[in-house]
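In each ligand, atom 1 is the first atom listed, and ligand 1 is the first ligand listed. Please read all numbers here as calculations on a predicted model, not as lab measurements.
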Amino acid sequence: MIRPERRAAKMDPARALQRFPLAPPKLVDRYTRTEDVIVLCHLGVAQLTRQAWSLSIDGEIEHRTTLCFEDLARYPKVLLASVHQCCGSPFAPFEPTRRITNVTWAGARLIDVLADARPTRTARYVWSYGADSGEFSGVSVNGYCKDLPLERAGRDVLLAYEMNGEPLRPEHGFPVRLVVPGFYGTNSVKWLVRMTLAPDRARGPFTTRWYNDPVLDASGEETGDVAPVWSIAPESVIVSPASREAVSLGVEREIWGWAWAEESVSRVEVYTSDDDAWRPAELEPPRGHEWQRFSVPFKPGHRGPMFLAARATTASGQRQPRAGRRNAIHGVAVMVV
Ligand SMILES: Nc1nc2c(c(=O)[nH]1)N[C@H]1C(S)=C(S)[C@@H](COP(=O)(O)O)O[C@H]1N2
Ligand SMILES: [Mo]
């Protein structure tokens, strides 16, 4: 086993970098092309090579270990597809941004790697560190750090080295990133170089100050509690028709879109303002953490402006709120001509 020296990775660019996703009418493909996938780098892009990369695992484990890329590549390669969603700005946690994509990943299973490190009974969280460093919102950061409950690692969490069938691009975390399907993208640490098993949550700014939502009560007041931005709440977008599209009177077509949640979606309803009714949509059965297509037949009966909306509900009864949350209902105003 090679143990390269850990030096701070070169950052290029050494500033925040974002690529916003396609607008809902452009989300026509089931799998998002890599060039259309969101990019969010708080500190810039860490430039790493496979040769210089290593992952050290420490903390509450029996066997401290450092893996090089060949060590990781020896674990069974797992392929899966999942939604990959940025939850939006940490400064505006209740604002819907719909930064959503659906991509395929390949890599080693985190539990396979952890099985060899043998977490102790006191380990409850996995802290993951990126090789990126720099400044975000006036705070100096050495290694973007996120956490996840160890019990959540037991399912489908990957140490991924491919996106959409190709090695990760630098901005997506080359050579290895964490992927937590079903959790918001912020948890999927890029340029992953260290994991620490810990009895408690990570204490860095990205798990305490940012991406830790104020908990609201039923009337929308802050309770003083906070909740980690982990699980993806139920959400849906209407792909067609597009906002402000002119749709033809009396011509039958579809209203369709995508719905997703960490827990799969069991029901989508579509609202049409001409009859002021929510109708159940046809919905694809869930496939892992991929998004699910929904559709309803649509034949506009009156000329003039019309409002459409979709709302998703999970099996446990979580439903998209009307407004005021990042997963608020997506509405589309069209013109019947
Ligand atoms: N090391 C590191 N990992 C990171 C980030 C980051 O700034 N640094 N940004 C996070 C956020 S907020 C999101 S939404 C996703 C975006 O992943 P992508 O740029 O590959 O689409 O990466 C997450 N992982
Ligand atoms: Mo994000």
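L72 and V126 fall within the same hydrophobic cluster, defined by Ile, Leu, Val, Met, Phe, Trp and Tyr side-chain heavy atoms under 4.5 Å apart, directly or through other members. Put simply, V332 and F298 are part of the same group of oily side chains (I, L, V, M, F, W, Y) that touch within less than 4.5 Å, one to the next.
Heavy atoms of other residues, nucleotides or ligands lying less than 6.0 angstrom from CZ of R118 number more than 12. The environment of CD in E35 is crowded: more than 12 heavy-atom neighbours from other residues, nucleotides or ligands sit within 6.0 Å.
Among all protein heavy atoms, the one lying closest to atom 15 (C) of ligand 1 is G185 O, 3.4 Å. Closest protein heavy atom to atom 8 (N) of ligand 1: D132 OD2, 2.7 Å. Considering only non-hydrogen protein atoms, atom 3 (N) of ligand 1 sits nearest to K190 N, 2.9 Å. With respect to atom 4 (C) of ligand 1, the closest heavy atom belonging to the protein is Y144 CE2, 3.5 Å. Residue, atom and distance of the protein heavy atom nearest to atom 24 (N) of ligand 1 are S188 O, 3.0 Å.
Using a cut-off of 4.0 Å between Lys/Arg side-chain N and Asp/Glu carboxylate O, R293 and E254 are scored as salt-bridged.
Contacts of R99 with ligand 1, taken as heavy-atom pairs under 4.0 Å, are absent altogether.
Any N or O atom pair closer than 3.5 Å counts here, and W191 shares no such pair with ligand 1. Between L40 and ligand 1, a contact under 3.5 Å exists for at least one N or O pair. Geometrically, ligand 1 and C86 share no nitrogen or oxygen pair separated by less than 3.5 Å. Remark: ligand 1 and Y211 share no N or O pair separated by less than 3.5 Å (distance only, no angle test). The N/O atoms of T186, backbone and side chain alike, include none that comes under 3.5 Å of an N/O atom in ligand 1.
Close approach to I38 involves these atoms of ligand 1, each under 4.0 Å from a residue heavy atom: 18 (P), 19 (O), 21 (O). In the vicinity of H172, heavy-atom distances shorter than 4.0 Å reach the ligand 1 atoms 18 (P), 19 (O), 20 (O), 21 (O). Interface of C41 with ligand 1, defined as ligand atoms under 4.0 Å from a residue heavy atom, comprises 7 (O).
Checking each of W191, F136, F206 against Y144 for a ring pair (Phe, Tyr, Trp, His ring centres under 6.0 Å) leaves exactly one that passes, namely F206.
Side-chain contact annotation: T186 with K146, donor-acceptor N/O pair under 3.5 Å present.
Centroid-to-centroid, the aromatic rings of Y161 and F174 stay 6.0 Å apart or farther. Outside the 6.0 Å centre-distance limit, the rings of Y184 and H84 are not counted as a close aromatic pair.
Side-chain atoms of V176 and L55, non-hydrogen and from C-beta on, never get closer than 4.5 Å to each other.
The heavy atom nearest to atom 6 (C) of ligand 1, out of those in Q85, K146, H42, R19, is found in H42.
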